[in-house]
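One structure, pasted below without further comment.
These numbers come from the heavy atoms of this one structure, side chains and all, not from hydrogens, waters or symmetry mates. Small disclaimer: the values here were computed from a predicted structure and weren't measured.
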Amino acid sequence: MFDINELMNRANGAKEQASKQMEELMQSTENLLTGIEAEKAESLNHTEEIENAKLQAEMEMKAANLQKQKEVLTQMMGEEFAKQSAMMQQQVSEEVKKQVSEIAAMNSQELLGKLYGDDMAILSAALDTLGQLKETDGADGMEEELTPEQLYAFIEERMEHIGKMDELSPVPYTGNLEQWQHFAVLLSGILSTVNGHALDSLEVQEHIPVMDQQIANLVRNSWGITGREDLLDTLCYLMQDGYRARYERYAAAESYVELVDEDTDEDDKEGIQRGWTFVQQFKKKYPADFLLGWDIGRAAMITRWGYFLGWITQAEAWELLSDMAKTAAPRLSGWREFARSYLFGGAFWKEVCASNDAAHYLKALTEAVAVLLGHAQTENGGEWKKCPWPRVAEIKHNSH
């Protein structure tokens, strides 16, 4: 026979034991959650410290590069321009310090939000799509590779075709700053037209995150330029040496073997051999300085890209473009000669790169020139036709 009181006592004891175990489980869970939150906070604080350290390191690196940049600018543009640039750089540096201070004052959530915005996934997907489009564009229209003789004949045919296009006679600009600035922007006309950029101002296009990143990728992947220092070094090279100097070296060599060394890999050897053969074919007809339009046209485009990406100021961009304009104006007779120079330089570049799509590339350049000179039926075009080449007396430049 069961003792009801004993059963009740056992039941109450079990209930108390279960309640005690539940309380212990809840306390354990609470302790665990508290620990997780503490670890999370510590992780976020560590992330913040790392990012602040990165920002500080970047500032120190910029300070270390400032002197080198000043030397490059002095070499390119003169002491006065370098001083003005240094003042502007100081203002930029102060603004960077201000922003770093603001970032340091942010909490972890705000910092992570700034570093990894919600638009990152959208931007990445969009860039992937653009990359796929670029890779597939023209893939179905591959052309048969030309022999050297066929390529040289095709180059001459393209050069002659451009030479027959109409253009207005050069006119004096009489110190008109706005006119000179417009002319300087138009020096980037061929690449701008190929890439769909605007030619009515220093800006290449409207600032949209996806397109901003596309241009940054273009400059980085095509030129290896990742910031201000690389940009100025590249501009210095193009203005002082460029492909004119390479063409001159190849012209002077008795054999392409003189241009290679033990560290040259096989792909580079092929490009050097093809480039040397190209120069031997044309050096009596086209001297090295004929490639001036090729070098300046690209330098003008890179300057506009650099300004668009915020690597140089507006004042610096105009100063650089002004120097290019005043170098090109007296040394080339007009837009047609500038275009022929650009096309010829592009053909030389394709041979040095051992590329097999030179004909397709030269066709694209010729089409861009036709648009610029108003010889193509397009909705927008004729920018070169609306802006005659400046007529100035030929002057000597120490940089060439």
Side-chain angles (χ1 to χ4, degrees), residues 134-135 138-139 141-162 190-191 194 218-225 230 233-299 301-302 337-366 368-369 400:
K134 183 176 181 181
E135 290 176 2
M142 297 296 291
E143 300 180 18
E144 183 178 353
E145 182 179 350
L146 300 180
T147 65
E149 292 74 18
Q150 290 173 329
L151 175 62
Y152 302 156
F154 183 74
I155 292 169
E156 291 284 25
E157 186 273 326
R158 294 284 96 181
M159 299 274 280
E160 183 179 356
H161 179 65
I162 291 174
I190 295 177
L191 264 180
V194 170
L218 172 64
V219 175
R220 180 177 63 250
N221 297 334
S222 299
W223 287 89
I225 298 174
D230 291 340
D233 286 344
T234 301
L235 290 174
C236 185
Y237 159 73
L238 289 173
M239 292 300 293
Q240 294 188 350
D241 298 306
Y243 260 62
R244 305 185 306 284
R246 184 190 290 261
Y247 188 96
E248 193 167 25
R249 288 199 311 274
Y250 283 27
E254 293 293 332
S255 168
Y256 86 93
V257 178
E258 298 178 19
L259 304 169
V260 302
D261 55 40
E262 58 184 13
D263 296 327
T264 307
D265 62 34
E266 292 304 316
D267 289 339
D268 290 339
K269 284 182 181 178
E270 180 187 358
I272 291 172
Q273 182 175 13
R274 286 173 58 170
W276 178 83
T277 304
F278 176 96
V279 174
Q280 302 309 308
Q281 171 70 25
F282 290 109
K283 66 180 183 180
K284 292 183 179 179
K285 185 174 183 179
Y286 302 109
D289 202 48
F290 182 68
L291 279 77
L292 179 65
W294 165 248
D295 286 330
I296 284 186
R298 294 185 300 155
M301 188 74 264
I302 292 173
E337 186 178 9
F338 175 82
R340 293 172 76 245
S341 169
Y342 196 96
L343 183 136
F344 185 75
F348 179 37
W349 169 64
K350 281 292 184 180
E351 287 299 274
V352 170
C353 294
S355 174
N356 296 325
D357 67 340
H360 177 76
Y361 176 70
L362 298 180
K363 285 180 180 178
L365 297 185
T366 306
V369 172
H400 302 296

Output field: ring centroids Y152/F282 closer than 6.0 Å
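Ring-ring flag for Y152/F282: true, centres closer than 6.0 Å.
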
Tell me the closest heavy-atom pair linking R298 and D295, and the distance in Å.
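Closest approach of R298 to D295, heavy atoms only: NH2-OD1, 3.2 Å.
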
Salt-bridge present (R244, D241; N to O < 4.0 Å):
no

Examine distances only and state if a side-chain atom of D261 and a backbone atom of T264 form a donor-acceptor pair shorter than 3.5 Å.
yes

Using the benzene-type ring in the case of Trp, are the ring centres of W349 and Y342 under 6.0 Å apart?
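That pair fails the under 6.0 Å test.
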
On the six-membered ring of Y243, is R246 placed so that its NZ or CZ lies under 6.0 angstrom from the centre and within 45° of the ring axis?
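Yes, a cation-pi geometry.
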
Under-4.0 Å salt bridge between R274 and E270:
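Result for this pair is yes, salt bridge flagged.
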
Heavy-atom closest contact (S341 atom, G293 atom, distance):
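The pair with the smallest heavy-atom distance is OG-N, 2.8 Å.
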
Between E266 and K269, does at least one N-O distance fall below 4.0 Å, as a salt bridge requires?
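Between K269 and E266 there is a salt bridge, with a charged N closer than 4.0 Å to a carboxylate O.
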
Pair E258 + R249, salt bridge at N-O below 4.0 Å
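No, no charged N to carboxylate O under 4.0 Å.
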
Sidechain-backbone polar pair: W294 side chain, L343 backbone, donor-acceptor under 3.5 Å:
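No, because the side chain of W294 does not come within donor-acceptor range (under 3.5 Å) of the backbone of L343.
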
Are there more than 12 heavy atoms of other residues, nucleotides or ligands under 6.0 Å from atom CD of Q280?
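Yes, because the 6.0 Å sphere around CD of Q280 holds more than 12 heavy atoms from other groups.
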
Mark yes or no for whether S355, through its side chain, and K350, through its backbone, hold a donor-acceptor pair below 3.5 Å.
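No, because the side chain of S355 does not come within donor-acceptor range (under 3.5 Å) of the backbone of K350.
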
